[in-house]
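Bear in mind that the values here come from a model prediction, so they are computed numbers and not experimental data. In what follows, chains carry the letters A, B, and so on, assigned in the order in which the sequence lines appear, proteins first and then strands, with residues in each chain numbered from 1.
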Amino acid sequence: QDSIYVPLFTYRTGPFAGSGMHIADGMHDYLEMLNQRDGGIGGVKLVIEECETGYDTKKGVECYEAVKGKNPVIVNPWSTGITLPLIPRAAVDKIPILSMAYGLSASARGDIFPWVFNPPSTYWDGMSMIIKYIGDKEGGLDKLKGKKIGFLHLDASFGKEPIPLLEELSKELGFEVKLYPVAAQDMQNQSSQWLSVRRDRPDYMIMWGWGSMNGGAIKEAVRSGYPMDKFLSVWWPGEDDARSGGAGAKGFKMLNWHGVGTTYPALQDIMKNVVDKGLSKASKEKVGELLYNRGVYNSLLIAEAIANAQKLTGKKVVTGEDVRRGMETIKLDPARLKALGLEGFADEIALSCVDHNGHRPAFMQEWDGSKWVKISDPIAPMGDRVRAQLEAAAKDYAEKNAGWPKRAEACDKAS
Amino acid sequence: MDILYKAFVEPFLFMSEAPDLLLQTLWEGLVSGVLYALIALGFVLIFKASGVFNFAQGIMVVFAALTLVGLYEKGVPALLALLLTAGVMLLLAIAVERIVLRPLVNQPDIILFMATFGLTYFLVGLGELVFGGSPKEMIADALYLPQGTTELTLLGGPVRFQHLDIAAAVIASIIIAALAVFFSRTRIGRALRAVADSHKAALSVGISLNQIWVIVWFAAGIVALVAGIMWGARSGVSFSLQIIALKALPVLILGGFTSVPGAIIGGLIVGVGEKVGEFYWGPLVGGGIDTWLAYVIALLFLLYRPQGLFGERIIERI
Amino acid sequence: MRPPLQPNRDTDNTLLAVENVSLRFGGVKALTGVSFDIRKGEIRAIIGPNGAGKTSMLNCINGFYHPTDGRIIFKGEMRRKMRPHVAARGGIARTFQNVALFKSMSTLDNIMVGRSLKMKAGFFWQLLRYGPAIEEEVAHRKVVEDIIDFLQIPHIRRTPVGRLPYGLQKRVELGRALAMEPDLLLLDEPMAGMNLEEKEDMARFIIEVNQQFGTTVALIEHDMSVVMDLSDRVVVLEYGRKIADGTPEQVKSDARVIDAYLGVAH
Amino acid sequence: MEQTTQTTGINGVGTEDLVLSVNNIEVIYDHVILVLKGVSLNVERGGIVALLGANGAGKTTTLKAISNLLHAERGEVTKGSITFEGQRVDQLSPNELVRRGCIQVLEGRHCFGHLTIEENLLTGAFTRRDSNAAIWRDVEAIYEYFPRLKQRRNAMAGYTSGGEQQMCAIGRAMMSRPTMILLDEPSMGLAPQIVEEIFEIVRKLNESERVSFLLAEQNTNMALKYATYGYILETGRVVMDGPATMLRENEDVKEFYLGVSEGSRKSFREVKSYKRRKRWLS
Amino acid sequence: MLYREAGQFKTTYFSDMAVFRLREDRTGLAVVVVAAYGLAFVGTDFLLQAVLIPFLVFSLAAIGLNILTGYAGQLSLGTGAFMGVGAYSCYKLMTAFPDVNVIIWILVSGLFSAAVGALFGLPSLRIKGFYLAVATLAAQFFLQWCFIRVPWLVNYNVSGALDAPLRTVFSIPVVGATATSQARYIVVLTLVIALTWLASNLVRGRIGRMWIAVRDMDLAAELIGIRPLQTKLLAFAVSSYYCGVAGALMVFLWYGGAEYDVFNINQSFFILFMVIIGGLGSLIGSFFGAALIFIMPILLGIILPALLVPFGLSIGAETIEHLRFMIVGALIIFFLIVEPHGLARLWQIGKQKLLVWPFPY
Ligand SMILES: Nc1ncnc2c1ncn2[C@@H]1O[C@H](COP(=O)(O)OP(=O)(O)OP(=O)(O)O)[C@@H](O)[C@H]1O
Ligand SMILES: Nc1ncnc2c1ncn2[C@@H]1O[C@H](COP(=O)(O)OP(=O)(O)OP(=O)(O)O)[C@@H](O)[C@H]1O
Ligand SMILES: [Mg+2]
Ligand SMILES: [Mg+2]
């Protein structure tokens with residue numbers, strides 16, 4: 001075997017395809033670019049294969065079983081629902097899982113989940129950043145006292161995850177929390193939720209959505225006249241979602257941790273080597289959009305982990321076990337990013353055997369009616385608070401999953 | 001005690017305190033009701049006229065909307081695109097009749113139901129193959145749908161009316177009135193009901209099932225197109241829109257599978273009930289109850305009238 | 001015509017009494033103040049023009065319709081709003097004008113269903129199909145086979161009844177009713193759609209059931225020769241009212257009956 | 001009535017005068033159940049032909065094969081041909097056949113339960129292109145034949161009595177103004193008076209409008225009284241055919257179908273069970 | 001002459017009432033069972049874990065729904081939720097009493113789902129056909145809402161999802177990360193065989209006949225003394241029991257942890273379609289249906305690319321998915337047209353033809 005097999009779980013079909021396809025394109029194109037430009041990684045070609053999950057747990061698990069036999073070096077489920085059943089399997093099958101800023105937040109703890117990675121931030125990090133941002137706007141966290149914050153979320157574990165933190169913060173900082181759950185089947189039919197928003201008149205709205213829920217929410221917000229500059233989201237909406245709100249969507253804000261646009265040399269390379277050659281499924285104008293670049297970031301991590309693994313083992317063709325080690329030694333500092341043609345694309349990040357997340361800061365960006373504009377400096381998560389959540393969650397998981405194996409994998413030092 | 005107060009007193013106090021919000025809630029309920037009814041209507045048409053429970057109605061809505069938008073994106077003028085889409089729905093109706101229904105004549109309802117599920121699968125695959133999975137925007141402007149909002153101060157507070165919603169209500173009422181007349185007054189309408197009762201007997205008196213089916217599937221296709229435009233203008237056009245068809249089920253059942261006016265009344269009851277329930281009582285249990293409230297409302301009505309409010313009586317004779 | 005061997009047929013022997021029963025559906029008066037009785041062991045015919053309310057009468061007797069007025073006394077007990085399955089438990093079995101068999105089941109199973117009431121083995125034995133469950137199953141299967149032999153339908157034992165021709169379906173239906181070992185057997189046009197030979201068979205079965213097991217029979221039939229030959233007494237309904245009641249001979253010569261129903265004198 | 005029989009004898013009639021001709025058809029249900037094993041029959045223009053036979057002989061199946069309703073029951077004609085008005089019709093759709101003037105009254109009523117009696121009758125006129133007035137005239141004519149229907153005209157058919165439904169089904173078929181009616185057990189469930197009435201209607205239509213009839217009937221007595229010609233079907237084969245007068249004189253027919261053995265009718269009470277049971281078992 | 005009824009006479013009613021009246025059928029079944037166990041030792045992980053275990057789980061759920069819809073004639077769209085009740089109660093039980101054999105809890109959890117099923121079956125006395133579907137839809141959405149809203153159900157897990165703690169049977173892990181697919185498969189297979197056997201006993205006896213009677217004509221059934229409500233509720237309970245057990249198996253022996261979303265309405269439809277396409281009122285049909293609806297798309301996913309590659313067509317995963325959707329849809333329609341009564345009937349006709357072979361009828 002003289003190639004490295006990288007399966008990509010994607011969903012270009014189904015109710016979440018609108019978000020999923022851009023991510024899929026980004027993931028695919030970056031890796032394909034490496035193949036085209038550099039002949040792969042470390043001279044080994046990457047075999048990139050997509051497996052369509054349709055965001056369906058059943059098919060996701062099927063995809064996993066299907067790729068398992070082909071020596072995959074890493075798996076990206078791109079769905080919390082699929083990630084959960086894969087977590088226990090990964091450890092047994094020795095296949096690392098990369099669930100980038102989604103999945104089981106507790107898996108940030110490398111000492112307990114050696115095979116799972118969820119950089120660069122957890123949802124708790126995200127929530128704390130948003131609250132911090134709101135505090136800043138109000139002139140200090142203490143000014144949040146007496147304020148009302150609405151939380152519009154997908155009614156699933158993904159959407160519910162930040163609630164405990166939010167409630168804890170509300171107690172401490174004295175603001176009131178209103179919850180507006182949106183069921184998966186009502187993603188495009190949120191008038192009830194927004195009616196309630198009109199009743200409660202929250203000072204800020206925070207959104208935790210995916211797929212067509214984001215676009216639906218933005219539309220409804222515009223319709224019901226909610227002030228858009230008070231409407232903030234975690235990092236999942238894309239340009240399409242914002243655009244669907246029309247002119248009224250101007251001012252909508254969201255967290256993000258990487259650049260948009262195609263000005264980065266690596267993205268130019270993608271343009272040249274992949275898109276222009278017709279090797280991409282993305283249309284030109286979508287390249288460089290938010291979710292596309294999210295996919296690029298995902299592949300950046302994969303590629304970096306593979307490269308690290310090659311360095312660590314001295315082998316050319318690496319296995320899942322090696323890539324797990326490569327993942328743990330990821331260190332993307334500005335110099336490295338520059339070398340990769342992604343200078344300024346994202347904040348630096350370093351993972352370790354203990355920390356599989358990084359808890360990196362993210363920044364706030366605003367929709368100006370046609371594109372995203374960065375409007376804040378990186379906001380660091382509230383470390384202590386997030387850590388407490390994480391500790392509790394990790395302990396909880398290990399406790400409830402009696403017989404959860406102790407970490408046996410050795411620890412590598414970043415090179 | 002407290003819980004009783006919260007459940008039975010507070011909501012009503014709140015209603016009287018903020019009548020403007022109540023009005024807004026009712027309006028939103030009415031509008032969603034109309035929109036549900038538009039989807040339900042497609043079901044009713046086909047069920048009433050052939051006894052087939054058409055699982056594919058939801059995807060037909062998406063398919064019609066996607067075709068319209070897709071054609072427009074290819075540079076076809078909006079109104080021409082609308083016509084062409086109607087043509088596509090006609091072709092679909094003919095194909096469905098030829099390939100699916102004709103060989104399954106006189107089979108039990110559930111089998112035909114299953115066949116429409118196969119059709120759903122097929123259309124999902126075909127639609128995504130042709131149009132891709134990315135969501136699209138409905139060409140509301142090009143179709144001269146009113147946009148904008150009117151904000152009136154009523155009952156001591158601002159109440160917002162979307163022009164689009166008003167348009168939806170008007171269009172839906174027109175369609176429903178026309179169909180109601182069609183079914184009860186015309187020769188074809190009567191034949192449609194006959195077919196729903198018994199394929200075999202309908203065949204024996206010379207009603208051409210093939211022709212009838214093309215007609216109703218085409219009509220349902222047009223209704224799907226209208227629903228697709230309205231829903232699309234509200235929520236965008238994507239495959240996840242088909243899930244909303246599930247909301248049409250309680251509407252359908254509440255109104256009665258076979259009643260055109262039932263679809264609209266059922267829609268209104270479900271729409272208003274759901275919104276008012278969620279708005280005033282939802283917070284008691286953490287919200288989100290509108291996912292099941294519609295079904296429970298429908299269930300309660302059914303216990304009282306097992307054939308739905310306006311459904312044909314279920315004949316029980318021996 | 002009929003052999004005069006009816007020992008105990010006095011009025012005290014009433015099995016079922018219908019008193020002043022009326023039945024209305026909205027504006028339609030299906031029955032208006034009908035009274036008659038059925039004595040133990042007799043064959044009682046109900047005749048009348050189409051839509052006279054004969055089937056409705058049977059439906060009232062076994063609880064499928066509830067009379068809007070009047071009462072029905074069965075075995076000395078008055079029941080007003082009785083559910084059909086209670087009537088069945090009380091010993092009333094029937095066949096239907098539009099055959100009401102369980103279409104997908106075989107003849108054997110259809111008749112076995114008729115035995116359901118008599119089967120007692122509990123759920124868990126049934127699950128295991130062992131012990132009492134299987135013993136009971138075998139025992140009742142024997143009874144059912146006897147019925148099948150009696151009705152001379154062994155060749156269609158395993159045919160799904162939906163596929164049987166109409167006449168045989170009627171026979172299976174009779175079998176199912178017999179399996180219930182009823183005290184009162186209600187037959188709604190058991191001979192419709194049969195040719196002469198089959199009618200003769202059917203007539204024989206009815207007589208044998210009546211004589212051998214002493215089952216009381218109430219019978220609706222439009223074939224006058226059958227009614228005249230088989231029945232002990234005849235009730236005639238027209239437009240939901242009783243217009244005559246008596247022995248076949250009396251009824252046959254009743255002017256009103258001839259006028260309303262028979263047309264030409266038979 | 002005797003005259004009718006004589007004036008329209010079947011023998012010597014040329015094929016062009018045949019309205020319907022069934023040639024050696026074989027019918028299979030569900031791909032495995034062979035029901036008709038080569039049935040041939042002819043109906044001449046203006047004839048009334050009776051199809052007799054025990055339960056399960058295949059009368060209904062024959063009629064359905066002609067009117068092309070077998071498809072709907074997963075049955076198919078695997079051999080033979082059927083011509084109506086000189087043209088092959090085996091591949092036509094049932095509604096086309098109705099348009100051409102051949103309609104069937106289904107066994108077991110099959111009214112549209114949720115339509116009123118009147119609406120049921122009107123659906124019968126579905127294939128007609130005449131004016132409304134003509135159609136309503138015919139509705140009135142049917143009410144005249146069956147006054148009971150007029151009384152119940154606004155009742156949902158599903159709630160009417162068995163006999164009322166039967167009348168409705170027959171009336172509905174007549175509404176299409178057919179030239180040929182396939183009647184399946186028209187007398188079933190009808191009071192004796194109405195049975196006579198129906199056969200009188202059959203005769204009347206036959207005489208005044210030259211409507212041809214093929215009727216499957218268990219009431220052999222009646223059927224042979226009104227029919228011109230008869231076929232006797234047994235387990236999927238025609239075992240005997242001939243002019244009605246001839247059949248009525250046949251000894252076997254007399255015994256098994258008419259019940260007049262040794263001169264007089266037996267009482268049902270005296271029937272013994274030693275009859276030739278074998279005939280069931282083939 | 002492989003397959004002949006001739007020469008096999010039944011001398012007692014007892015033997016005449018056996019499930020498999022023909023010797024050939026009995027041998028066939030034995031071969032299938034042995035082969036099924038054999039697969040545990042020769043099958044790849046993919047075959048066991050991604051194909052066979054889910055196939056068996058779905059077959060069990062399909063049997064459950066078939067009892068309700070196929071035998072007793074009550075249309076249900078709440079299967080997913082009833083499976084969920086089984087899974088959640090199994091989770092509660094096995095975490096509350098970790099020392100008890102997990103198989104016992106799997107079997108017991110079905111009882112909870114049976115109770116819930118019977119509760120939602122109550123409206124069936126009055127409501128029929130497609131209208132009844134709304135009652136079960138209410139169950140579906142209400143229960144699903146409960147799954148996500150009642151954190152107690154998942155022991156206040158932070159993830160809000162079910163996870164599968166390690167549980168062993170005879171000290172071999174069968175639930176949890178370290179359980180091999182072999183072990184899981186054998187457990188699932190054994191349970192499915194046992195439960196199928198019980199179901200077949202039930203449907204052949206008095207209760208089964210009563211169900212079919214209610215399905216075919218509930219009015220007539222009542223007129224011969226069958227209590228309609230009791231019979232229907234029993235069907236709801238038994239059916240939900242099977243679904244519940246299937247749900248527990250699905251989460252703990254197949255997925256090994258899952259979100260509430262796996263019990264959504266699509267799951268309900270999915271199983272309903274297995275039942276219909278397999279054959280309403282046929283146990284073996286449930287297996288056929290599960291195979292067609294679940295395994296066929298997987299096969300297509302494998303075959304399609306292989307088919308297209310020789311033509312130089314390399315197509316994306318999503319195009320394959322689209323084609324797969326279209327083909328599955330078309331095949332469903334095709335099978336329905338060929339035999340509306342499902343694959344089970346097709347199977348029966350096949351056997352009948354074989355019986356009379358070489359004659360056509
Ligand atoms: N459930 C019902 N709803 C409304 N009308 C009914 C109902 N049941 C019966 N009827 C009416 O009551 C009258 C009597 O009907 P029934 O079926 O008892 O007649 P029948 O004497 O059995 O006639 P036939 O000999 O034609 O079967 C009919 O006019 C019928 O339309
Ligand atoms: N749908 C079907 N599937 C299978 N077999 C059928 C079907 N319909 C009828 N048969 C069989 O075909 C044979 C002929 O039935 P048919 O109904 O034609 O008889 P018939 O002469 O009309 O009898 P009857 O006088 O009882 O109406 C019967 O043996 C019957 O079992
Ligand atoms: Mg009657
Ligand atoms: Mg017949």
Undergrad: Tell me whether B:Trp281 at atom CH2 has more than 12 heavy atoms from other residues, nucleotides or ligands lying less than 6.0 Å away.
TA: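 It does: B:Trp281 CH2 has more than 12 such atoms within range.
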Undergrad: Roughly how far, to the nearest 0.5 Å, is the CD1 atom of E:Ile127 from the CD atom of B:Gln307?
TA: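 Atom-to-atom, B:Gln307:CD and E:Ile127:CD1 are 10.5 Å apart.
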Undergrad: Under the ring pair (Phe, Tyr, Trp, His ring centres under 6.0 Å) test, which residues partner B:Tyr121, sequence neighbours left out?
TA: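 Result, ring pair (Phe, Tyr, Trp, His ring centres under 6.0 Å) vs B:Tyr121: B:Phe117, E:Phe325.
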Undergrad: At their closest point, which heavy atom of E:Met326 faces which heavy atom of B:Leu129, and how far apart are they?
TA: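 Heavy-atom minimum between the residues: SD-CD2, 4.0 Å.
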Undergrad: What pair of heavy atoms forms the shortest contact from B:Ile111 to E:Pro340, and how long is it?
TA: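 Minimum heavy-atom separation between B:Ile111 and E:Pro340: CD1-O, 2.9 Å.
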Undergrad: Does any backbone or side-chain atom of B:Phe113 lie under 4.5 Å from a heavy atom of chain E? Answer side chain, backbone, both or neither.
TA: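 It is the side chain, since no backbone atom gets that close.
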Undergrad: Roughly how far apart are B:Ile253 CD1 and E:Phe130 CZ, rounded to 0.5 Å?
TA: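 Answer rounded to 0.5 Å: 9.5 Å.
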Undergrad: At a heavy-atom separation under 4.5 Å, does B:Leu303 approach chain E through its side chain, its backbone, both, or neither?
TA: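 When you check distances to chain E, atoms from both the backbone and side chain of B:Leu303 fall under 4.5 Å.
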Undergrad: Between E:Leu280 and chain B, which part of the residue has a heavy atom less than 4.5 Å away: side chain, backbone, both or neither?
TA: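 Looking at E:Leu280, just its side chain touches chain B.
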Undergrad: Measuring heavy-atom distances to chain E, does B:Glu128 have an atom under 4.5 Å in its side chain, in its backbone, in both, or in neither?
TA: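 Contact with chain E: backbone and side chain both.
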Undergrad: Of the listed residues (E:Phe273, E:Phe142, E:Phe334), which shares the most heavy-atom pairs with chain B below a 4.5 Å separation?
TA: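 The answer is E:Phe273.
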Undergrad: Which heavy atom of B:Gly118 sits nearest to which heavy atom of E:Ile333, and what is that distance?
TA: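 Answer, listing the atom of B:Gly118 first, then E:Ile333: C-CD1, 4.0 Å.
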Undergrad: Relative to chain B, which segment of E:Ile327 carries a heavy atom at a distance below 4.5 Å: side chain, backbone, both, or neither?
TA: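 No part of E:Ile327 comes within 4.5 Å of chain B.
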Undergrad: Please flag which part of E:Arg126 lies under 4.5 Å from any non-hydrogen atom of chain B: side chain, backbone, both or neither.
TA: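 Both parts, backbone and side chain.
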Undergrad: What residue in B:Leu293, B:Leu252, B:Leu246, B:Leu112 has the most heavy-atom pairs under 4.5 Å with chain E?
TA: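 That would be B:Leu246.
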Undergrad: Quick check for you: among B:Gly132, B:Pro306, B:Pro108, B:Ala115, which has the greatest number of heavy-atom pairs under 4.5 Å with chain E?
TA: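 Of the candidates given, the most pairs with chain E belong to B:Pro306.
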Undergrad: Rounded to the nearest 0.5 Å, what separation is found between the CZ atom of B:Arg102 and the CD1 atom of E:Ile337?
TA: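 Between B:Arg102 CZ and E:Ile337 CD1, I get 11.5 Å after rounding to 0.5 Å.
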Undergrad: At a heavy-atom separation under 4.5 Å, does E:Ala139 approach chain B through its side chain, its backbone, both, or neither?
TA: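 The answer is neither part of E:Ala139.
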Undergrad: Counting only non-hydrogen atoms closer than 4.5 Å, does B:Tyr304 touch chain E with its backbone (N, CA, C, O), its side chain (CB onward), both, or neither?
TA: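 It is the backbone, since no side chain atom gets that close.
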Undergrad: List the atom of B:Val285, the atom of E:Arg149, and the distance in Å for their closest heavy-atom pair.
TA: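 Smallest interatomic distance, heavy atoms only, reads O-NH1, 3.9 Å.
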Undergrad: Taking side chain as everything from C-beta outward and backbone as N, CA, C, O, which of these in B:Ile110 sits under 4.5 Å from a heavy atom of chain E? Side chain, backbone, both or neither.
TA: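 Its backbone and side chain both get close to chain E.
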Undergrad: With respect to chain E, which residue among B:Thr291, B:Leu126, B:Leu302, B:Leu104 yields the maximal number of heavy-atom pairs within a distance under 4.5 Å?
TA: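 Highest number of heavy-atom pairs under 4.5 Å: B:Leu302.
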Undergrad: Who passes salt bridge (charged side-chain N to carboxylate O under 4.0 Å, His left out) against B:Lys48, sequence neighbours left out?
TA: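 None.
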Undergrad: Please state whether the side chain, the backbone, both or neither of E:Leu75 comes within less than 4.5 Å of a heavy atom of chain B.
TA: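 Interface part for E:Leu75: side chain.
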Undergrad: Could you grab the distance from atom CZ of E:Phe141 to atom NZ of B:Lys247, nearest 0.5 Å is fine?
TA: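 NZ of B:Lys247 is found 8.0 Å from CZ of E:Phe141.
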Undergrad: Go through the atoms of E:Ile293 and report whether side chain, backbone, both or neither lie under 4.5 Å from a heavy atom of chain B.
TA: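 For E:Ile293, side-chain heavy atoms alone lie under 4.5 Å from chain B.
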Undergrad: Does any heavy atom of chain B fall under 4.5 Å from the side chain of E:Leu331, the backbone, both, or neither of them?
TA: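 No part of it gets close to chain B.
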Undergrad: For E:Phe269, which atoms come within 4.5 Å of any heavy atom of chain B: side chain, backbone, both, or neither?
TA: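 Only the side chain of E:Phe269 comes within 4.5 Å of chain B.
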